[in-house]
There are 2 protein chains.
Amino acid sequence: MRDQKANDPAGLMKLLWRDSVDIVPKPGRKRGLAIEGLIEAAIGIADEHGLAAMTIRGLAAALHKPTMTIYTYVSGKAELVPLMLDTIYQRMDRSAPADRDWRDKVVRIAEDNRRLFERHPWAADVSFGRPSLGPGTIAKYEYELAALEDLGVDDVTRDSVLTHILVVVAAVARASANQDLEVRSSAQSDEEWWRENAPFLALAFDPEKFPLAARIGAAAGDALGGAFNAEHSWTFAVDRMIDGIEALIGRGRSST
Amino acid sequence: MRDQKANDPAGLMKLLWRDSVDIVPKPGRKRGLAIEGLIEAAIGIADEHGLAAMTIRGLAAALHKPTMTIYTYVSGKAELVPLMLDTIYQRMDRSAPADRDWRDKVVRIAEDNRRLFERHPWAADVSFGRPSLGPGTIAKYEYELAALEDLGVDDVTRDSVLTHILVVVAAVARASANQDLEVRSSAQSDEEWWRENAPFLALAFDPEKFPLAARIGAAAGDALGGAFNAEHSWTFAVDRMIDGIEALIGRGRSST
DNA sequence: GACATTCTCGTACTAAGTACGGATATACGT
DNA sequence: ACGTATATCCGTACTTAGTACGAGAATGTC
């Protein structure tokens, strides 16, 4: 997962911005396939089976090519992921109407990103550190900054708000995705799990030792149908986020 | 990373709650080491080099045992991680003073968790899905719920608020940790990176095509000293969170 | 058509997880 | 004291995955 051995940032940038560079015919053998198809296939595999299942070997097989051919196109798995990410960013919907309340726009950004993570759950697992500044990434950034125009905050704050939204959305999405994956990969039903672990769960939810955990855990589990309810977490997080932003800009303006 | 092949929840619970179960002497060879030491060593390796570097083979070597001996203690890597997590939860500080404003308490929870992720960056990478209900996890839950006592919200909401805090903190921590890792693993200085990628960065921050990105990206980068500033993200996120919670409970009460 | 250049991909090495099974040590009943 | 059941130990070996290397194949240019 963390194989950034020979990280070659310049090579990556060249690939990310491949469309903006003129291609003059050069000597040498022609390529057997387009890198777009390769990235496409990689995204498809990752969408269905997770980033871990997106192996170079599997990718090559999906493309009916021998394994090592992949390395003609990308330097390795580490380079492929940013390319995949920039590609799905590139394709995001960027057609939100402009004549709305700022709240609607924030929610829209959040939901668009949520949808992204629903379609491509692996994206939530990708680092946020120094993002790869590809065309999709920048286009997304530009679009989302525009949506925050009428917050009426200074540039730096606008960037902060956006970063914050994206971090929170990614976090909730990641939690949901992981839960999905676990549920799906567990052959055991919740029912069965409960029965099998009953003795230990009695220890965990012992009202003597952990009164609050027992009471509130039960209440929450009851109300939300499990330890973690993706939909509820989502709504809750978005509402909190809106309120938090409102307080921020309300401070700068007179009120809202 | 995602090897939950033979997930044996009952076995995991038995290990998590090992201290609460009487150990009666049984026939069979004695163990050569305590599982605590094994978990300890695993945590140490993961702290220093990340979860990916915490290999069964490496762990065995650190303990001066042959590889396969590890499997006498845990069923595999997948089982080890929840044990590590519960252990670090168990050790968290739970001595916050009770006579404070709810805000201070929320901040305290957030900071305690942040500290956890600073000491154990790998923890931020671990799934949030169905958590393993070990003694450390429950103790932490109990303690944190108690800190939210005087929010004056119902049980379900209290749980939601806590979950939300933890999700947000984990998200920011993860972003920071990943960035740290990338910076450290990149042999290249920022300066050098900038120079080498200048032509592409000109494309990315083209004021014609991406005016907002160019302007705001520059402003933010300038003000925060990079694309992502961990400290600033942290403060911003916590402030937003507090405001968001305030709005929530302010709605229930008359005001604050 | 020779040449430099680029792409193709078979071979092979490395790292890591872990299934399997024989060897070994221990508690307990006789 | 001894046999038996049982738990632990760990060497061997198989599997999956990433990828270094280098010989050969194809292609634009002079």
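All values below were derived from every heavy atom in this structure, side-chain atoms included, with hydrogens, water molecules and symmetry-related copies excluded. This structure is a prediction, so every number in the text was calculated from the model and none was measured. The chains referred to below are lettered A, B, ... by the order of the sequence lines, with proteins before strands, and numbering in each begins at 1.
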**Item:** With sequence neighbours excluded, residues passing side chain to side chain contact (heavy atoms under 4.5 Å, CB included) with A:Glu48
**Value:** none
**Asked** Taking atom P of D:dG18 as reference, at what distance in whole Å does atom CG of A:Leu51 sit?
**Response** 10 Å
Tabulate atom names and distances for all N/O pairs under 3.5 angstrom spanning the protein and nucleotides 26-30 of chain C.
unit_1, atom_1, unit_2, atom_2, d
C:dT26, O4', B:Gly28, O, 3.2
C:dT26, O2, B:Gly28, N, 3.0
C:dA27, OP1, B:Lys30, NZ, 2.8

**Fill in**
So the side-chain hydrogen bond (donor to acceptor under 3.5 Å, both in side chains) pairs with at least one residue in residues 18-43 of chain A (sequence neighbours excluded) are A:Arg18-A:Glu36, A:Glu40-A:Arg91
**Prompt:** Where each residue is assigned the nucleotide of DNA chain D containing its nearest heavy atom, which of B:Arg31 and A:Gly76 is assigned the position nearer the 5′ end?
**Reply:** B:Arg31
**Message:** Once rounded to the nearest 0.5 Å, what's the spacing between atom CG of B:Asp86 and atom CD1 of B:Ile39?
**Reply:** 8.5 Å
**Results of side chain to side chain contact (heavy atoms under 4.5 Å, CB included) for B:Ala237 - residues two or more places apart only** = A:His164, B:Val168, B:Val172
**Request:** Take atom CZ of B:Arg94 as the centre, draw a 6.0 Å sphere, and report whether it contains more than 12 heavy atoms from other residues, nucleotides or ligands.
**Result:** yes
**Closest non-hydrogen atom pair between A:Ile45 and A:Ala53, with its separation** = CG2-O, 3.8 Å
**Prompt:** Tell me, which of residues 55-74 of chain B have any heavy atom that sits under 4.0 Å from an atom in DNA chain C?
**Reply:** B:Thr55, B:Ile56, B:Arg57, B:Thr67, B:Met68, B:Tyr71
**Asked** Salt bridge check: are A:Arg174 and A:Glu118 linked by an N-O gap of less than 4.0 Å?
**Response** no
**Minimum-distance pair of heavy atoms, taken over all atoms of B:Pro82 and B:Ser132** = CB-OG, 3.5 Å
**Prompt:** So, B:Glu144 and B:Lys140, do they make that salt bridge, N to O below 4.0 Å?
**Reply:** yes
**Message:** Regarding A:Asp159 and A:Tyr141, do their side chains bring together a donor and an acceptor under 3.5 Å, going by distance alone?
**Reply:** yes
**Prompt:** Which parts of residues 36-47 of chain A get close to DNA chain C, meaning a heavy atom less than 4.0 angstrom away?
**Reply:** none
